[in-house]
Amino acid sequence: MAAVSLRRVLLAALVVVGAAFGLLKAEAGERTPVPQPVKPAAAEKCVADTQFMRRNHMKMLLHQRDETVHEGIRTKQFSLANCVSCHAVKGADGKPVAYSDPKHFCRTCHSYAAVRVDCFECHASRPEEKAKAANASDSSHDPALSALSAHVAEMKK
Amino acid sequence: MSDGGNDMIAPDRRALLKSAVGLATTTIAPGVTLYAFGVTQAGAKPADQPVTSAKRWGLLIDINKCPPGCDKCVTACSEENGWKSSGHPETDAQWIRKVTLRDPRTGAKREAPAMCQHCASPPCVDVCPTGASFKRADGIVLVDKHICIGCRYCMMACPYKARSFVHEEHDDQKVEAPRGKGTVESCTFCVSRVDAGRIPACVEACAAKAGAAMTFGDLNDPASDVSKALAAGASAQIRADLGLDPGVRYRNL
């Protein structure tokens, strides 16, 4: 019981803190604030159906993790490095924010739902400098991005 | 250079003659950018295929071509994998280091790079209680850091002191080389590069900026650079008496 109510309190606190940070935008007319993950400017679609990704991204990531580490399978579709690169969110300085920043894509929902992942204790939470231009750019003319989008489109066929 | 009585020259030349492959690399190397040569090994596998035991990755290091004081392989590894000295040598990362070998009788000194020897029968794998320490089908010995609980048995089991524990938190990791506090790590033969058909960063740097002392490749393929170089002359395994069959071999040790 104690655990449950503590969780409630924590959740409520998180929602308040989140709202204070402007993370949770209540749409006009909606009563419940929901997290609003930033949509990457550079791509139209995720690596799989958006609804599927919302529900199953953790399963896909863990599956990919085992296949990559133990079997050397290095497909791009569910690679964590790939998520981080396409979903990079620019901070005030124009550079992609790290996981320590509440604006990081992988934190928007997690903070809201009180999920804590340890992935970024080891994994880089933003693309490497050299790849930065490609991922943080607003233009869709970037060749690297077009290549990535083309690749994603191909994966979906 | 003359042949004069300098007995250091003779073994050098012999080694060069023996490994024609190394010679080709060294002569092309000066002034050529990294990407222009040697970044591929034959037969990169498709990204969606698992590695198999058809290959066994190995490395031959010719100590005669390893100049004293040179640490190009070490700095290349550190840059590639994002580790650096924390200022506490006793807990520093041990992906690769230069060791000095001294013959106590003659006082003769040699230097050699030492790293995970990627044993065929790795003791670190035997002792791991969680299965985090494992050998990939293609012979690369790794830590699955997702499973590692940081107990460090593998560090004690390794006769080469090739593993180290991450003591500090990090937030500047390389995308290709995740690493974090509380887990054990060691040389991975730059596994993500190898999977992409490239050679390890140390081997590439040694060929481009130093003596081209390192030859990387598939030990199972008689036509690979490393197999040909091994076939061309004697080589040694460190602590061969332990019967671990390391994938890293040394020449002129």
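Numbered from 1 within each chain, the chains take letters A, B, ... in sequence-line order.
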Engineer: Do you know which of Leu62(A), Asp118(A), Ile73(A) has the most heavy-atom pairs under 4.5 Å to chain B?
Structural biologist: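 Of the candidates given, the most pairs with chain B belong to Ile73(A).
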Engineer: Could you tell me which portion of Glu169(B) (side chain, backbone, both or neither) has an atom closer than 4.5 angstrom to a non-hydrogen atom of chain A?
Structural biologist: neither
Engineer: How far apart are the closest heavy atoms of Gly72(A) and Arg136(B), and which atoms are they?
Structural biologist: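 Scanning both residues, the minimum pair turns out to be CA-NH1, 3.3 Å.
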Engineer: Is chain A contacted by the side chain of Ser192(B), its backbone, both, or neither, given a heavy-atom distance below 4.5 Å?
Structural biologist: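 The answer is both parts of Ser192(B).
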Engineer: Under 4.5 Å heavy-atom distance to chain A, tell me which part of Lys135(B) shows up: side chain, backbone, both or neither.
Structural biologist: neither
Engineer: Taking every heavy-atom pair that is under 4.5 Å apart, which of Val175(B), Leu142(B), Val191(B) has the most such pairs with chain A?
Structural biologist: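 Maximum pair count with chain A is reached by Val175(B).
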Engineer: Hey, which of Glu71(A), His123(A), Arg74(A) has the most heavy atom pairs under 4.5 Å with chain B?
Structural biologist: Arg74(A)
Engineer: Taking side chain as everything from C-beta outward and backbone as N, CA, C, O, which of these in Val166(B) sits under 4.5 Å from a heavy atom of chain A? Side chain, backbone, both or neither.
Structural biologist: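 Contact with chain A involves no heavy atom of Val166(B) at all.
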Engineer: Using only non-hydrogen atoms and a strict under-4.5 angstrom cutoff, which residues of residues 144-154 of chain B touch chain A?
Structural biologist: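 From residues 144-154 of chain B, the residues near chain A are Asp144(B), His146(B), Ile147(B).
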Engineer: Quick one: are Asp48(B) and Gln77(A) in side-chain contact, heavy atoms under 4.5 Å?
Structural biologist: no
Engineer: Which heavy atom of Cys122(A) sits nearest to which heavy atom of Gly180(B), and what is that distance?
Structural biologist: SG-N, 3.2 Å
Engineer: Counting heavy atoms not belonging to His167(B), are there more than 12 under 6.0 Å from its NE2?
Structural biologist: yes
Engineer: Keeping Gln173(B) on the side-chain end and Glu121(A) on the backbone end, is there a donor-acceptor pair under 3.5 Å?
Structural biologist: yes
